[in-house]
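We name chains A, B, ... by the order of the sequence lines, and we start the count at 1 in each one. All of these numbers come straight from a predicted model, not from anything done at the bench.
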Amino acid sequence: AQRVTQPEKLLSVFKGAPVELKCNYSYSGSPELFWYVQYSRQRLQLLLRHISRESIKGFTADLNKGETSFHLKKPFAQEEDSAMYYCALARGDYKLSFGAGTTVTVRA
Amino acid sequence: GAVVSQHPSRVICKSGTSVKIECRSLDFQATTMFWYRQFPKQSLMLMATSNEGSKATYEQGVEKDKFLINHASLTLSTLTVTSAHPEDSSFYICSARVRLYPEQYFGPGTRLTVT
């Protein structure tokens, strides 16, 4: 069975400090992983796909199959990064299994 | 582009009644739509997958007779909560995707309260 684990429910960092959100997964097949973000009073939106290997809003995430991890990182957090972040794993037909989510607060 | 709307945004109904929630893709044709449920301070839980023109597939533990899903066109899927009870109170979110692309675009959600 597939499972996505985000061990931190809350993460608080100062503006300009690095931020890393942890995500571990278990899946028997070849995983496709995503990070979604939900800003206050807004809908869930896609932040990153591991296949794209891109940087969005300064965030990057690398898939580590050996450690079954897909941690999200940003070297210098900004106040506008305060949001709820979900790691998600796509199963067959792109059905998503979500982690529990991490609430990030960036303090001035 | 890729906007998904839901209607209504909030609904309050009495126990025993049915309520319908609409999910529309406004500027694209969605071959697949998904319905999720989210309890307070918890993650999204996939309830069912809806493909246009075919029957929805439900996740384990989700009652198909309780949560009726219809995907009549490439831009509209509906979720009907039948004979609602207070334990059905929740935040229901839909998403949509286009064939060959993995991204899901999410609606704003519908807050259902059953009294």
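- Heavy atoms from other residues, nucleotides or ligands lying under 6.0 Å from CD of A:Glu67 number 12 at most.
- Around NZ of A:Lys73, the count of heavy atoms belonging to other residues, nucleotides or ligands within 6.0 Å does not exceed 12.
- Summarising the geometry, atom CZ belonging to A:Phe98 is positioned 14.5 Å from atom CD belonging to B:Gln42; distances are rounded to the nearest 0.5 Å.
- A distance of 8.5 Å separates SG in B:Cys94 from CZ in A:Arg43, rounded to the nearest 0.5 Å.
- With a 4.5 angstrom heavy-atom cutoff, A:Glu32 touches chain B only via side-chain atoms.
- Contacts between B:Thr57 and chain A at a heavy-atom distance below 4.5 Å involve the side chain alone, from C-beta outward.
- Within a 6.0 Å sphere centred on NZ of B:Lys66, heavy atoms belonging to other residues, nucleotides or ligands number more than 12.
- Taking 4.5 Å as the limit, every side-chain heavy atom of A:Gln38 sits out of range of all side-chain heavy atoms of B:Leu44.
- Taking B:Ser54 as the reference, B:Asn51 meet the side chain to side chain contact (heavy atoms under 4.5 Å, CB included) condition, with sequence neighbours excluded.
- A donor-acceptor distance shorter than 3.5 angstrom exists from the side chain of B:Gln104 to the backbone of A:Tyr94, with no hydrogens or angles considered.
- Heavy atoms closer than 4.5 Å to chain B are found in the side chain of A:Leu46, but not in its backbone.
- Looking at every heavy atom in both residues, A:Tyr86 comes nearest to B:Gln38 through OH-NE2, 3.0 Å.
- Shown here is A:Tyr39, whose OH atom has more than 12 heavy atoms of other residues, nucleotides or ligands within 6.0 Å.
- Remark: B:His85 NE2 is packed, more than 12 non-hydrogen atoms of other residues, nucleotides or ligands lying under 6.0 Å away.
- Rounded to the nearest 0.5 angstrom, B:Phe106 CZ and A:Leu96 CG are separated by 5.5 Å.
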For residues 99-108 of chain A, run the donor-acceptor check on the side chains, cut-off 3.5 Å, and write out each pair with its distance to 0.1 Å, sequence neighbours left out.
| residue | atom | partner | partner atom | Å |
| --- | --- | --- | --- | --- |
| A:Thr102 | OG1 | A:Gln6 | NE2 | 3.3 |
| A:Thr102 | OG1 | A:Glu8 | O | 2.6 |
| A:Arg107 | NE | A:Ser12 | OG | 2.8 |
| A:Arg107 | NH2 | A:Ser12 | OG | 3.4 |

